[in-house]
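These numbers come from the heavy atoms of this one structure, side chains and all, not from hydrogens, waters or symmetry mates. None of the values given here were measured: they were computed from a predicted structure. Counting starts at 1 for both ligands and their atoms, in listed order.
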Amino acid sequence: MQEFRYRQVRTVESAVRANGTYLAGGTTLVDLMKLNVLQPATVVDVNPLPLAQVEALPGGGLQIGAMVRNSDLANHPTVKQEYPVLSEALLSGASPQLRNMATTGGNLLQKTRCSYYRDTNYACNKREQGSGCSAMDGYNRMHAVLGGSADCVATHPSDMAVAMMALEATVHTEGPNGVRAIALRDFYVLPGTSPSIETVLQPGELITHVTLPAPPHGTRSHYLKLRDRAQYEFALASAAVVVQMHGKHLARVRIALGGVGTRPWRSPEAERALEGREATAGNFQKAAAAAMAGAKPLKYNAFKIELAKMALVRALETVTQMEHAG
Ligand code: SF4
């Protein structure tokens, strides 16, 4: 690990002024510093910031502080009751120990688990622009089938972000140029020719909180994750579904997929294929086909296309058969 300066800050303003790499739960940053993948000159410890509250918004909806730990968010009564997809996604991620440390802001910004990115013996455009992508001709079983480029096909690893994408979350930030509210669907950028740029955040910009809109009356939601083992494993494919039913018809549908895209993957194609239609197995399969129509498999990951379709169909079956609790 390279030498770095360490600063602890107590206000958002001093965090932004410190102009360094933010340290929250440390579950990604410290690992990657030990591996020499990330070598920040200054680490700014934001743990003392007063951003650890989950609060109801006056007009409905929820405000989640960037420092709220994943385990606290997953077990928050309002999240469990009104946003079960988020609670389920959080509880499907990592291990209890990691969830106790990992934060909302850090989870959104966690780095890919591409093994070539984490090993400095291999070429990786995300780590060092222009060095090449070892996954392209390497063992790419875990890599993306949606949103990849010739320069990078790494998946985004977050479960929480997939659920938040389907819940139409907004990310709130403060930076050298003031405060911003960024719709989560606009927050992540595709790798293109600059895979090291993963979000629209500017240098020094700090996530302060995330807001979720109030779920429309009668909304049901669910997160389904398929993976190689039942615990402590990243998704091969996952589906977050948020639906509002009118009788047997799907009035409003929001869908996001995990494990298959270079960013948490919202699917307007699947949503359009379902809205206004009856909740039937046939329509679910059409929506799943629409969601994965643009998929481009690599040598070892073509199976993810069918797996993602299955995850989405099963999640839709589960959520539409569910009795609404409210
Ligand atoms: Fe690096 Fe992306 Fe290629 Fe993985 S897929 S080796 S992160 S450039």
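- A salt bridge links Glu198 and Lys111; the closest N-O separation between the charged side-chain nitrogens and carboxylate oxygens is under 4.0 Å.
- Once rounded to the nearest 0.5 Å, the distance linking CZ of Arg127 with CG of Leu38 reads 10.0 Å.
- Side chains of Asp151 and Thr193: no donor on one and acceptor on the other come within 3.5 Å.
- Atom CZ of Arg180 sits in a crowded spot, with more than 12 heavy atoms from other residues, nucleotides or ligands closer than 6.0 Å.
- Between Asn107 and Ser158, the side chains place a donor N or O and an acceptor N or O closer than 3.5 Å (distance only, hydrogens not considered).
- Side-chain polar atoms of Thr155 and His143 form no donor-acceptor pair below 3.5 angstrom.
- Excluding water, every protein N/O/S atom under 2.8 Å from atom 3 (Fe) of ligand 1 is given here by residue and atom: Cys133 SG.
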